[in-house]
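Here is the structure we will look at, set down as C-alpha cells.
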Amino acid sequence: RAKAEGGNTALCYDADQDQQTRDRSALAMDLRNALKNGEFELYYQLQNDVKTRAVTGTEVLLRWNHPKRGKVPPSEFIPIAEETGLILEIGAWVIRTACHEAAAWPAPVKIAVNIAQVQLSDSKFPRFVEHTLKRSGLDPARLELEITETGIIADTSKALQIIHQLKRLGVRIAMDDYGTGYSSLATLQAFPFDKIKIDREFVKDLGRNRQSDAIVKATIILAESLDIPVLAEGVETEEHLRLLAAQGCNEVQGFLFGQPMPACDIRSLVTRLAADRSGEATPRKAGE
Ligand code: C2E
Ligand code: MG
Ligand code: MG
Ligand code: MG
C-alpha cells in the first residue's frame, strides 16, 4: 500500500500532499496506542429545549490528547480511525466510558453517542450495547445513538436490522447531520428515527441566506409531519434561536448554550441542575 501511494505521488508530485500523507500515517500509528495510553477523553455538549431553554440532554464528543501534538480534533482522527478499522475499538471505549460516566451523575440527563458506519454493520453491536448498559446501570432510555446517512447507506438492510435490535433495548436513534448525505427522504421513511439533527451547515446562515432558511423550514415541516422531534446543530446566536423557535424547532445544540466540556464540568452542571430541580419540588414557605 505504501508503495502504491508512493507511485501515485511520483506520477503527480506534490510536496504538500506528500507531507499530508506522511502526517496521516504518523497519526495512524499513534492512534494505535492512544487507547492503551489513555489519551482519549470525552467532552459533553448541552442540548436545550427551544421554548424553555431547559437542558434536554448532552452529546458525547471524543477528544484525543496527543502527547506531542496536543488536542487533535475528531475531524482529523475519526476518518483515520475509520480507514484503519480502529474505530470499532475506539467506539466501544466511547460507549463504555460515556455510559459509566453518565450513570454516576446525580440526575438522569440523557447522552447522545456518535456511531460510525462499521459499528452499525457489526452484528455483535446490539449485544455489546445491551451488556454495557447492564454493567453501567444506565437506563437505556437515557442513551441515544447518533447515526449518519453515510453510516447506513453501505448496507441498508443490515443497518436497519441492527437498529431495530437496538430499539428493542430501549435505546433511542437520532439521524445526525441531516441534509448533508444522499438518501435523506428514503432513509426517513425506512428508519425509525427518534430525532432528526439539522446540520450546522444550514443553521449558520439562518436569516441571511434564503436557501438555508428554506432548507431548515422544509426539514422542520417534514419532521413535524412524520412526528419526529428536530434538533438544530451549531446554534451560536440568539438570532438563530429566535428564527428556529419561529419555525417550530424543538431543541438546539451549539455555542449559544455552551461549548463541549470535560466530564468533571458536565458533572458539576448536572449536579446543579439536580439541586435546582429538587428545589422546585419542595413547596415554598409563605411569604417567600
Ligand atoms: P457531530 O456529531 O455533528 O458533532 C457536532 C460538532 O459540532 C462537534 O464538533 C461540536 O463541537 C461542533 N459544534 C457544536 N456546536 C457548535 C457551534 O455552535 N458552532 C460550531 N462552529 N461548531 C459547533 P467536534 O467535537 O469537532 O466533532 C466533529 C465530528 O466528529 C462530530 O460531528 C462527529 O461526526 C465526529 N465525532 C465526534 N466524536 C465522535 C465519536 O465518539 N465517534 C464517532 N464515530 N464520531 C465522533
Ligand atoms: Mg453527532
Ligand atoms: Mg451533527
Ligand atoms: Mg456535523
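In this chain, numbering begins with 1 at the start of the sequence shown. Whatever order the structure lists ligands and atoms in, that order sets their numbers, starting from 1.
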Check your understanding: Which atoms of ligand 1 sit under 4.0 Å from any heavy atom of Glu236?
Key -> 17 (C), 18 (O), 19 (N), 20 (C), 21 (N)
Exercise for review: Step through the shown structure and confirm whether more than 12 heavy atoms of other residues, nucleotides or ligands are within 6.0 Å of CD on Glu201.
Suggested key: no
Point to revise | Over 12 foreign heavy atoms within 6.0 Å of CZ, Arg22 | key: yes
Study note, to complete from the structure: Min over Asn114, Thr237, Thr148 of heavy-atom distance to atom 43 (C) of ligand 1 lands on Asn114
Revision key, fill the gap. Looking at Arg200, His240, Glu201, Glu82, the heavy atom closest to atom 21 (N) of ligand 1 belongs to Arg200
Check your understanding: So between Ile90, Asp177, Leu46, Ile78, whose heavy atom ends up nearest atom 45 (N) of ligand 1?
Key -> Ile78
Point to revise | ligand 1 atoms in contact with Val94 (distance to a heavy atom under 4.0 Å) | key: 41 (O)
Check your understanding: Does Pro260 come within less than 4.0 Å of ligand 1, judged by its heavy atoms?
Key -> yes
Point to revise | Backbone or side-chain N or O of Leu62 under 3.5 Å from ligand 1 N or O | key: yes
**Study point:** Considering all heavy atoms, the nearest Asp213-Gln247 contact
**Key:** O-NE2, 4.4 Å
Check your understanding: Shortest non-hydrogen contact from Ala232 to Val203?
Key -> CB-CG2, 4.0 Å
**Study point:** Angle at the Mg ion (ligand 2) (to 10°), with one arm to OD1 of Asn114 and the other to OD2 of Asp176
**Key:** 90°
Exercise for review: Determine the minimum heavy-atom distance between Gly234 and Arg200, stating which atoms define it.
Suggested key: CA-CG, 3.6 Å
Review point. So which N/O/S atom does Asp177 have closest to the Mg ion (ligand 3)?
Key: OD1
Review point. Do Thr180 and Asp177 get their side chains close enough for a donor-acceptor pair, meaning under 3.5 Å?
Key: no
**Study point:** Angle subtended at the Mg ion (ligand 2) by Glu146 OE1 and Glu59 OE2, rounded to 10 degrees
**Key:** 90°
**Study point:** Heavy atom of Pro73, distance to ligand 1 below 4.0 Å
**Key:** no
Point to revise | Ala116, Gly91, Pro74, Ala174: member with heavy atom nearest to atom 28 (C) of ligand 1 | key: Pro74
Revision key, fill the gap. Heavy atoms of Ser121 and Lys158 approach each other most closely as O-NZ, 3.0 Å
Point to revise | Contact check: Asp176 vs ligand 1, nitrogen or oxygen atoms, below 3.5 angstrom | key: yes
**Study point:** Test item, Lys204 contacting ligand 1 (heavy atom, 4.0 angstrom)
**Key:** no
Exercise for review: Compute whether any side-chain donor of one residue and acceptor of the other, for Gln47 and Lys110, lie under 3.5 angstrom apart.
Suggested key: no
Exercise for review: With rounding to the nearest 0.5 Å, note down the distance linking OG1 in Thr56 to CG in Leu46.
Suggested key: 8.5 Å
Review point. Which atoms from ligand 1 have a heavy atom of Gln45 less than 4.0 Å away?
Key: 14 (C), 15 (N)
Review point. Do any nitrogen or oxygen atoms of Glu59 come within less than 3.5 Å of a nitrogen or oxygen of ligand 1?
Key: yes
Review point. Just wondering, are more than 12 heavy atoms of other shown residues or ligands nearer than 6.0 Å to NE2 in His100?
Key: yes
Revision key, fill the gap. Note: Leu256, heavy atoms under 4.0 Å from ligand 1, region reported as neither
Review point. Would you find more than 12 non-hydrogen atoms of other residues, nucleotides or ligands less than 6.0 Å from Lys204 atom NZ?
Key: yes
Point to revise | Donor + acceptor pair across side chains of Glu251, Asn48 (<3.5 Å) | key: no
Study note, to complete from the structure: Going by the 4.0 angstrom heavy-atom rule, the piece of Gln259 near ligand 1 is neither
Practice item. Please confirm whether Gln119 comes within less than 3.5 Å of ligand 1 when only nitrogen or oxygen atoms on both sides are compared. Key: no
**Study point:** Any Lys197 heavy atom less than 4.0 Å to ligand 1
**Key:** no
Review point. What about Phe255: any of its N or O atoms under 3.5 Å from an N or O on ligand 1?
Key: yes
Exercise for review: State whether Asp199 contributes an N/O/S atom found under 2.8 Å from the Mg ion (ligand 3).
Suggested key: no
Review point. Should we count CZ of Arg69 as having more than 12 external heavy atoms under 6.0 Å?
Key: yes
